[in-house]
Amino acid sequence: MFLELYRVHQFIKKFFIEAIAPPYEGREILRQCYQVGYKSLALISLTGFITGIVFAKQSRPSLAEFGATSWLPSLVGIALLRTLAPLLTALISAGKVGSSIGAELGSMKVSEQIDAMEVSATNPFKYLVVSRVLATTISIPILTFYTAFVGLLGGFLNITSSESTSFSTYIQTSLESITFLDITSSTIKAIVFGFTIGMVGCYQGYNSSKGTEGVGKAANSAVVIGMFLVFIEEVIATQITFLFRT
Amino acid sequence: MTATENHPNKETVISIRDVKKSFGDYDVLRGADLDLYRGENLVVLGRSGTGKSVLIKIIAGLLTQDSGSVKVLGQAVDEISGKELIKLRLRVGFSFQNSALYDSMTVRKNLEFPLVRNQKNLTKAEINKATESVLDAVGLLQTINQMPSELSGGQRKRIGIARTLILQPEIMLYDEPTAGLDPITCIEINNLINEVKERYKTSSIIITHDLTCAKHVGDRVAMLLDGSFERVGTFEEVFDTDDERVKPFYDYNFID
């Protein structure tokens with residue numbers, strides 16, 4: 001247990017040392033951003049849109065009891081931006097991107113491709129790990145705001161099915177309750193989630209062993225540990241944000 | 001017949017002295033001594049699990065010995081800085097047992113990878129020329145746009161060797177170059193190892209338990225027995241013995 005924690009600590013420390021020191025893997029980071037971001041768009045769009053519809057539909061009866069259905073756009077906006085969008089994006093990314101990184105690096109490890117990189121005078125940690133962790137750290141916050149936007153569209157679809165309101169009015173009402181603290185905390189949270197997902201996937205893959213069994217285990221652990229840590233971080237972030245709010 | 005005989009006229013490019021390496025309670029190398037001279041093919045023979053691959057991974061700096069010294073081109077691999085090790089690795093090629101080609105890249109990208117990353121001043125035309133030249137040297141120019149998954153075992157081995165040759169190393173380390181290949185492909189790989197030596201003027205260590213390969217490519221043969229090199233010399237010298245640890249190795253292999 002303590003040995004594993006020490007290894008994780010060393011891995012994170014090495015990440016920061018390699019990330020700061022030149023040369024920088026700009027092209028590979030961009031390629032990984034494309035892999036993480038663009039290729040997750042379809043799934044994130046669908047999930048975000050459906051979440052917006054369902055959340056608006058489920059919230060309407062409760063608000064209707066107090067005659068407060070006019071608050072529905074604000075409620076959808078706040079819920080999406082503060083929690084749903086960062087959490088949904090992180091969970092989907094942990095499943096799709098985390099497992100992919102874990103399996104890819106695990107497979108490269110057991111087939112000696114990482115060793116091959118090392119003996120050909122390439123720093124595999126910088127090329128494989130640093131680029132992927134930076135890509136998830138950059139892409140997941142962008143995806144988070146995209147999810148929030150798509151979720152708002154879903155909410156709008158549900159609301160216009162029951163009452164007539166223009167899109168601009170809906171967006172304006174949705175966003176008027178959003179504060180600078182909401183945007184800042186969501187951004188920081190998404191950055192932390194992105195870093196965590198990338199780091200867990202890379203750690204599990206880079207340190208996998210025992211052949212194909214190890215590759216499967218690395219992919220599985222990347223998802224399970226990634227999601228678990230995202231939930232823990234969500235709880236901590238909510239507590240810290242609450243302190244700033246009061 | 002020792003592993004480190006003094007050859008005054010030969011330049012030593014790899015010097016291994018009293019190297020020990022254990023994994024848990026298992027002592028793999030128990031004081032290995034060996035020299036590789038410039039321009040020679042040295043075959044390291046031994047049964048599976050005797051530490052042959054561990055030895056060349058120590059030479060390449062992928063593993064670190066528990067004690068003893070390993071000097072490659074005059075530099076102690078475990079003592080030099082990371083930057084010096086990178087420079088040294090440009091002079092040492094490593095051909096892996098399973099080829100270790102990058103699955104997600106075409107043959108062209110596999111070959112370009114070490115070149116693009118280490119010689120950033122090259123033009124696209126120069127990179128293409130170097131890539132096509134080494135592919136031609138291993139006789140697989142037609143596979144340039146294929147993915148590794150589309151290649152046969154023998155082709156993968158050849159591409160793996162080509163990828164190391166593109167940096168024009170002075171030393172080649174071959175880990176089981178003929179393992180898992182049919183006899184005809186084995187002979188082709190053996191011929192390729194000899195061609196590489198002649199064309200690129202390399203000094204090589206070839207890890208194998210294939211005696212046909214050892215006889216075909218080895219200027220000298222070193223037999224790893226109980227964690228150290230007890231028999232080193234020409235193929236005939238090494239197997240001219242009644243040593244019960246060596247004789248079965250020869251008897252169970254078919255040699256012309």
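Order of the sequence lines fixes the chain letters, A, B, ..., with proteins taken first and strands second; residue numbering starts at 1 for each chain.
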Rounded to the nearest 0.5 Å, how far apart are [atom1] of [X] and [atom2] of [Y]?
| X | Y | atom1 | atom2 | value |
| --- | --- | --- | --- | --- |
| Y102(B) | M108(A) | OH | CE | 7.0 Å |
| L62(B) | I114(A) | CG | CD1 | 11.5 Å |
| I166(B) | S120(A) | CD1 | OG | 11.0 Å |

If you count the non-hydrogen atoms of other residues, nucleotides and ligands that lie under 6.0 Å from [atom1] in [X], is the total more than 12?
| X | atom1 | value |
| --- | --- | --- |
| Y26(B) | OH | yes |
| E132(B) | CD | yes |
| Y38(A) | OH | no |
| K197(B) | NZ | yes |
| Q168(B) | CD | no |
| F145(A) | CZ | yes |
| F23(B) | CZ | yes |

Could you walk me through whether E118(A) and R89(B) satisfy the side-chain contact (heavy atoms from CB on, under 4.5 Å) test, starting with their C-alpha distance in whole Å, then the side-chain angles of each, then the deciding distance to 0.1 Å, before giving a yes or no? CA-CA 8 Å; E118(A) 200 162 347; R89(B) 280 174 170 158; 3.2 Å; yes
Test side-chain contact (heavy atoms from CB on, under 4.5 Å) on V119(A) and F96(B) and set out the steps. CA-CA 10 Å; V119(A) 295; F96(B) 286 83; 3.7 Å; yes
Checking L115(B) against chain A: side chain, backbone, both or neither under 4.5 Å from a heavy atom?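 For L115(B), there is no contact with chain A at all, as no heavy atom is under 4.5 Å.
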Of the backbone (N, CA, C, O) and the side chain (C-beta and beyond), which part of E28(A) lies under 4.5 Å from a heavy atom of chain B, both, or neither?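 Neither part.
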For the interface with chain A, which of V92(B), L101(B), L85(B) has the highest count of heavy-atom pairs at distances below 4.5 Å?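 With the most close heavy-atom pairs to chain A, the winner is L101(B).
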Name the option with the most non-hydrogen atom pairs under 4.5 Å to chain A; the candidates are L90(B), L173(B), N118(B).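 Most pairs with chain A among the choices: N118(B).
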Is there a side-chain contact (heavy atoms from CB on, under 4.5 Å) between E112(A) and K57(B) once you walk through the steps? CA-CA 12 Å; E112(A) 295 183 309; K57(B) 284 187 176 174; 2.9 Å; yes
